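I have placed the structure first, in the form of structure tokens, so that the comments after it can refer back to it.
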Amino acid sequence: MTGFFKNLFLYSAGHTYSNLSRLFLRLFTGIMFLQLCIRQMLNFDEIVHAYNGILGLSPETAITVLVGIELLCAVCIMLGFLTRLAVLFPLCLMLVAENVILSSPANVSDLLFNFQPGYPVMFIGIFVFMLLSGPGKISLDYIIAAHFTESPADEAVVDNA
């Protein structure tokens with residue numbers, strides 16, 4: 001019986017599926033962000049009329065930039081392409097979202113971000129994790145890095161063959 005528990009806990013402690021877990025987290029987060037982006041595109045007119053803009057931008061420009069950042073970064077996160085860079089923009093966006101939700105009337109925050117206080121904090125936690133851990137081996141970042149970091153010994157073997 002102790003062998004069962006030993007194998008159950010010790011084996012699984014040493015053989016984690018961290019790359020598969022990172023892939024799942026990237027896909028899950030990317031799909032959630034795409035869903036948010038699509039909702040904002042469908043309600044664009046309503047959002048523009050209720051929103052005052054940010055950083056001196058008109059409401060139309062601000063929402064367009066917001067949707068563009070969400071769309072581009074969601075796709076990059078799901079593919080694992082420039083993941084750490086692609087996480088920075090939504091991380092800043094979620095910090096602003098939490099501020100907007102806490103400081104503005106409920107109808108603007110509901111239209112713009114369509115979630116309750118706390119959801120941006122969840123995204124912030126996920127993005128910080130991705131920033132620290134990276135995309136994992138099941139990503140375009142890993143494939144590109146593996147392609148460009150071949151050792152000179154590997155190239156000599158290929159040249160002699």
Side-chain angles (χ1 to χ4, degrees), residues 1-44 47 54 62-102 109-161:
M1 190 61 143
T2 57
F4 170 75
F5 288 111
K6 182 178 177 182
N7 286 336
L8 177 67
F9 294 109
L10 292 179
Y11 180 78
S12 54
H15 294 83
T16 61
Y17 295 99
S18 65
N19 292 312
L20 199 56
S21 300
R22 291 181 205 173
L23 172 66
F24 172 77
L25 189 62
R26 283 194 345 259
L27 292 175
F28 178 76
T29 306
I31 289 169
M32 287 175 55
F33 237 62
L34 279 178
Q35 183 184 32
L36 179 64
C37 179
I38 290 169
R39 272 191 254 143
Q40 289 172 345
M41 284 191 282
L42 292 175
N43 298 319
F44 186 82
I47 296 170
I54 190 170
I63 302 302
T64 304
V65 168
L66 178 75
V67 168
I69 288 172
E70 289 173 352
L71 182 64
L72 180 66
C73 291
V75 170
C76 286
I77 288 169
M78 286 191 301
L79 294 174
F81 180 66
L82 300 173
T83 307
R84 286 189 167 126
L85 181 64
V87 162
L88 288 176
F89 296 107
L91 179 63
C92 295
L93 195 69
M94 288 299 109
L95 290 169
V96 170
E98 185 65 23
N99 187 31
V100 167
I101 287 172
L102 294 176
S109 63
D110 285 345
L111 283 172
L112 187 57
F113 296 107
N114 204 10
F115 41 59
Q116 301 297 317
Y119 284 117
V121 174
M122 177 191 67
F123 274 115
I124 290 167
I126 292 170
F127 292 143
V128 168
F129 174 79
M130 286 184 194
L131 189 64
L132 295 173
S133 69
K137 289 184 176 181
I138 309 171
S139 66
L140 286 178
D141 285 348
Y142 183 80
I143 293 169
I144 292 169
H147 177 72
F148 286 110
T149 58
E150 291 180 4
S151 67
D154 292 340
E155 291 175 7
V157 170
V158 173
D159 290 339
N160 290 334

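Worth saying up front: this structure is predicted, and the values here are computed from it rather than measured. Side-chain atoms are counted along with the backbone in the values below, which use heavy atoms only and exclude waters and symmetry mates.
Rounding to the nearest 0.5 Å places CZ of Phe127 at 10.5 Å from SG of Cys92. From Leu91, atom CG reaches atom CG of Leu95 across 5.0 Å, with rounding to the nearest 0.5 Å. Note that the SG atom of Cys37 and the CD1 atom of Ile31 stand 13.5 Å from one another [nearest 0.5 Å]. To the nearest 0.5 Å, atoms CE (Met32) and CD (Glu70) are separated by 11.5 Å.
Side-chain contact check for Ile38 versus Met41: some heavy-atom pair is nearer than 4.5 Å.
With sequence neighbours excluded, the residues forming a side chain to side chain contact (heavy atoms under 4.5 Å, CB included) with Ile69 are Val65, Cys73, Phe89, listed by chain and number. Looking at residues two or more places apart in sequence or on another chain, you find a side chain to side chain contact (heavy atoms under 4.5 Å, CB included) between Thr64 and Phe44. Qualifying ring-ring contact (aromatic ring centres under 6.0 Å, His included) partners for Phe129, counting only residues two or more places apart in sequence or in other chains: none. Looking at residues two or more places apart in sequence or on another chain, you find a side chain to side chain contact (heavy atoms under 4.5 Å, CB included) between Ile126 and Leu25, Thr29, Met122, Met130.
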Using distance only, find each side-chain donor-acceptor pair of residues 77-85 under 3.5 Å and give its atom names and separation, not counting sequence neighbours.
unit_1: Thr83; atom_1: OG1; unit_2: Gly80; atom_2: O; d: 3.4
unit_1: Thr83; atom_1: OG1; unit_2: Asp141; atom_2: OD2; d: 3.0
unit_1: Arg84; atom_1: NE; unit_2: Leu131; atom_2: O; d: 2.8
unit_1: Arg84; atom_1: NH2; unit_2: Leu132; atom_2: O; d: 3.2

Query raised in the report: Going through the checks in order, is the side chain to side chain contact (heavy atoms under 4.5 Å, CB included) test met by Ile144 and His147?
Result: CA-CA 5 Å; Ile144 292 169; His147 177 72; 5.7 Å; no
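Judged as a side chain to side chain donor-acceptor pair (under 3.5 Å), not a single pair has a partner in residues 120-134 (not counting sequence neighbours).
Nearest heavy atom pair, residue Arg26 against residue Pro135, reads NH1-O, 2.7 Å.
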